[in-house]
Amino acid sequence: MGVAVELKSTAPVRLHVAFACLGLAFLIIFSWVLFHEETAEWRTTQAQFARLEGTVKNPHQLAESARVGGLRQIWLPELGRVDRCGTCHLGIDDPAFATAPQPHRTHSGAWLTTHPPDRFGCTACHDGEGQATDYRNAAHQPQPFVTRPMRPLETIEANCGTCHRSIDPLDAPRLAEGRRLIIESGCFSCHDIPGFEGLTFRGPALDSLGYKVLPDWLASWLEDPKSYLEQSKMGNFRLSADEIASLQGFLLSQRAQVPLDSTGVDWKRADTRNGRALFGEMRCVSCHAVNGRGGTMGPELTRIGDKIRRNWLFSYLKDPHRVQPDTPMLQYRLNDEELRDLTAFLLEEYSSAGAVAEPPPAAYQDARAIAAGRAVFERRGCISCHRLPGIEDSGRVGPSLAGVADRDPDELPYGSEIVRHTAENYIFLKLLMPDALGLPSSMPTFGFTPADAARMTLALASLRKADLPASYVLKPPPPKPYRPAGRFGELMSRYRCLSCHSVGGFGGDLSTVPLDRIGSQLIRDYIVTYLLNPGAVRVSVEARMPVFHMQPDEANAFADYLSTVFLDDSMEGYDASFTAADARRGQELYLQLGCAACHQLGTTGGYVGPELSTTGTRLKPGWIAAWLTTPSVYRPGTLQPDYGLSSADARALTAYLSGLGRSGQATASAGGAR
Amino acid sequence: MSQTLGQRTASWLNAVGRSVWRIGWPVTDKDRAAVMISSIFLHIHPARVSRHVLRPSATLALGLISGILFVVLSVTGLALMLYYVPYPPEAYRSMKDLQFVVTFGVVLRNMHRWSAHGMVVVVFLHMCRVFWTGSYKAPREFNWVVGVMLLLLTLALSFTGYLLPWDQLAYWAITVGTNIAAYAPLVGDRLKFLMLGGHFIGPMTLLRFYVLHCVMLPLLMLILVSLHVWRVRKDGLSGAEVHRAPAEPAEEAAGLFPASTKTHGLMALSRRPRASVEARDPNDEVFAWPHLLFRELLVALAVVVVLHVVSLVFMAPLEEMADPTRTPNPAKAPWYFLGLQELVHYSALVGGVVVPTLIVAALVSLPYFDRRRAGIGRWFAPERRIANTIFTVLVIISVGLTIIGTLFRGPNWAWVWPWN
Amino acid sequence: MLDAIRAEERGGDLSYTESQGKILFAHYCATCHGDEGRGDGQNASNLNPPPPDMSVSKNTRDSALLRKVIAEGSAAIGRSPQSPPWGRSLSRQQIDYLVAYCQSLDRKRP
């Protein structure tokens, strides 16, 4: 055995030095880690807030307010969100900080009252990385690997739409406009869009096109609809010349309905001046624009003479429902001469070339061309908007837009555009120029303005992939269809009342007067008079009810039914026994409240509201009183102000107004056309 | 006579101390020897070590470093387990919480990730060192096999941990990895099913990987590491062996005092299979306390300091939450499998299955084929030129393939220049 | 997409609250006051006295006064009753938006 020999009793110096250095390094680094935690960004911000509190609040308020310190979060397991924004944004719900610098400032508006943070958090509306606790990582600006950084305020309405599924949400005008544009443009005909199910968008039926249109017009229309119609809803399908030619052949060979017999009409005696008068009377511009002015429910008529064959137009005006049973256009009661005059007027006045001889409908016999045209028709999905018997609707030709806001932005083509790659920018570009984004596209070019496309993008950006819990979704039920039967139903169908008026939310909104309580609003005899000869109720509105050329018995049938069925019990039984004192007080109030600023009475007054000199013969007192008391209940967004009238004052005004137009109390013209 | 209060307190404290540490701070040689076997933690060391193995160049302390990294991983991993939730999507959210809310969460996570990557590298280098010093040859063959198993375990631990953040990087890396496993003939699909716990990566996969990563594989690792270190103790470091002179055969034959069969670790003294205590050269030994322990402490401190610096400077990546419908292009396996993915690109079966199987088989059977006793304990011994060359070439190829897979492959696995 | 919205609505460089106010103004006020509050609305010729030109009037500086006129009508500040009270028809937030827009009317357009 040997004795272990020690080299040295201690290790060499260099090892001791190494130990000292490493130990020191370790201590320094570890202290830095500790220090770093204590000076986290949010701690600094909270300290700033504490100092600010002292300047903004008085000592009593300070003593009462809870001491704030540490991380704060709102945990919403239903939404799967954790929002720690309140760690830095400490003054967000305290009005005392309204003028403080960010991030201490109070939230603007009343949004936190209607959307309390403990139910909605912050990121549900603003997006961003809620779990983060510093400025950069919270994605106030776009960050890598954060799919939804905070939204600029202009686009925040897209998030409103995730919960608010109605077409017209309150306080979200851009979103409402976008949704309205989607309905108007009929995007849901080709794309499955959540929230727009059940809506239909129909272009004209094409089954008699051979008799309806001139061939040259059809070719130019297929090439570019906007060359004929500025406001055309049909987009430009970018068809090749061959496709246009074969489609033309296919479509012009469609001759299901022969036009009505107009051989008895003597076209040489057509009186275009009478036609012009009829055109004005029938208020065609309420639905059909000419020269850029008028309604958009029907096609623009500016160059109708270039498009339509005479016999077809005559036949259509005589009975629109024969050719297109679901058209919103009503059937006027005109005789053949009047129809002749109107037709001649339209074709002459509204055409670019003046009166040109029509080529007779050619016979399209080339079966191959027709088959080729049919193939184009099917391939491009024309059936989505235009019905054609014999071609089945094989489903929507465009991709579904469910969850489109969460599409992977990296796999979408952006063409040569230099934009940030987000799903929203893609949607926007696609709406503006569907064919210029790199991949071939069948989507037509609609020619939206950038502003319109932006609003539609906002509306589509509210379509998220994930489902929301039902308690967060606000979706009004769709209006129940209203389809009356019997004589009234027949009349309603002929005159297409529901194209402009609505019952229970079902119908059109061109008229500002829904029919739900019309019987309690209008005096029965006035209904009859009005239907026979609709006058201008408000001067400043362009759309007017047409002159139907109704028979008196039809008008009476309408008035009877409306006055019996469409009532509001709260207005019936109003005590209309007014005294002269009531009426005098009412007149005083009329002046005091300044009603003449908006309403015409006699020869003076404003153009905003209806003219009032005939009120006594038009409106029932129960309605007047109800309307004056709470107008926005009956018409949200009305320009009639709510004066907060007491029931006595309302009664006085009602007394005054009910007396107008009766027994010559006020100087006024009779309720005639203006 | 009676003692003062102070003396009595001091002796009481001393007694308390003695009950915990049987031997106090060693000052005599006897104590230095005894302290090694008095503590469960210390007795992994021998009482005396050969001074030759204290030099850094002997083993580069690579084995020790991987052990230290394993301890760091365990400690940080346990801390992370307090916050991590192994169920998607809370898994991803808990990663975000670690980043933003948990005190020291960022450092904790970074350190765990970087020491994991570090451990893979260090374990690989350790294997190279062992090969190049011929330390796999008899009597250390089985220890080499255990080491290969430890290498595979390290890769498995890293792979299972890779999925846990549940972000795009994790999800698709594991997709690639399990798809490569599916290329194995006959058992490939079942193997993939076993790994995924189903037909796709989902909550059951995450749970499975979590349990593997936190419980099963670490337990296995612990057992095998213990075996590995025990073997090192018993067989001794080859670096010490090379400095021993051959023992006198006469000693054996004397018979008067029979050669002891008692062995000491770290003191392989002769080229005979068994190291005998008598054959030790006392001039080459020093006490483990303090020489070995002090150097181990320095290494541990250096590792911890380096880890801290790296964890504070480099953030562990966290991409968007895993989305099975969005595939990144290219989807890459974890970096240590990128060489494999590169091979798979050439041929799925040969590259993905045959070659790795052959490599592992070759490694495992190596010491049983190479029975020559030349060159043990010396770096790049000239007698082993052929073996060293072959191994070095293979190392360079694997590293090269990994570098290609990392830097030179872009979308659709097409060749790209990394500076573009 | 953002730029399109901004260009169209913020041609006068309006903030978010101001552009919300502009939308409300167009619906409720522009008939008499005109789109930019210059007192040139469709109905303005029927009003006596006519509405003021808010782009030069100093009155828009006083937001409390603006709020009172909007909510309670011009009669509440001693003027003619022609500008009606909107306090019961508009929410407080909507009135805030309108006030913001009215106060932006005298800013120079870029």
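What you are looking at is a predicted structure, and each value in this text was computed from that prediction instead of being measured. Just so we're on the same page: letters track the sequence lines, and every chain starts at 1.
- Between the CG atom in A:L153 and the CD atom in C:Q20 there is a gap of 9.0 Å [rounded to 0.5 Å].
- Residue C:W86 comes nearest to A:P641 through the heavy atom pair CZ3-CA, 4.1 Å, listed as atom of the first residue, atom of the second, then distance.
- Side-chain atoms of C:Q42 and A:Y607, non-hydrogen and from C-beta on, never get closer than 4.5 Å to each other.
- Residues passing the side-chain hydrogen bond (donor to acceptor under 3.5 Å, both in side chains) test with C:S80 are C:Q82, sequence neighbours excluded.
- Note: A:G637 leads A:S108, A:S632, A:G637 in heavy-atom pairs under 4.5 Å with chain C.
- Within 6.0 Å of CZ on C:R88 lie more than 12 heavy atoms contributed by other residues, nucleotides or ligands.
- Heavy-atom pairs under 4.5 Å with chain A peak, among C:S91, C:S89, C:P85, at C:P85.
- Residue A:L639 touches chain C through both its backbone and its side chain, counting heavy-atom pairs closer than 4.5 Å.
- Around CZ of A:R407, the count of heavy atoms belonging to other residues, nucleotides or ligands within 6.0 Å does not exceed 12.
- For A:T638, the part lying near chain C is the backbone, with the side chain staying farther off; criterion is any non-hydrogen pair under 4.5 Å.
- Here the CD atom belonging to C:Q93 is positioned 5.5 Å from the CG atom belonging to A:D171, to the nearest 0.5 angstrom.
- Interface remark: A:E177 contributes no atoms to any contact with chain C (heavy atom separation under 4.5 Å).
- With a 4.5 Å cut-off on side-chain heavy atoms, C:Y16 and A:I156 count as touching.
- In this structure, C:P81 and A:Q592 have side chains that are not in contact, with every pair of non-hydrogen atoms separated by 4.5 Å or more.
- Residues of residues 43-52 of chain C lying under 4.5 angstrom from chain A, judged on non-hydrogen atoms, are C:N43, C:N46, C:L47 by number.
- Contact annotation: the side chain of C:S19 approaches that of A:R174 to within less than 4.5 Å [non-hydrogen atoms, C-beta and beyond].
- Among C:H27, C:R92, C:E72, the residue with the largest count of heavy-atom pairs under 4.5 Å with chain A is C:H27.
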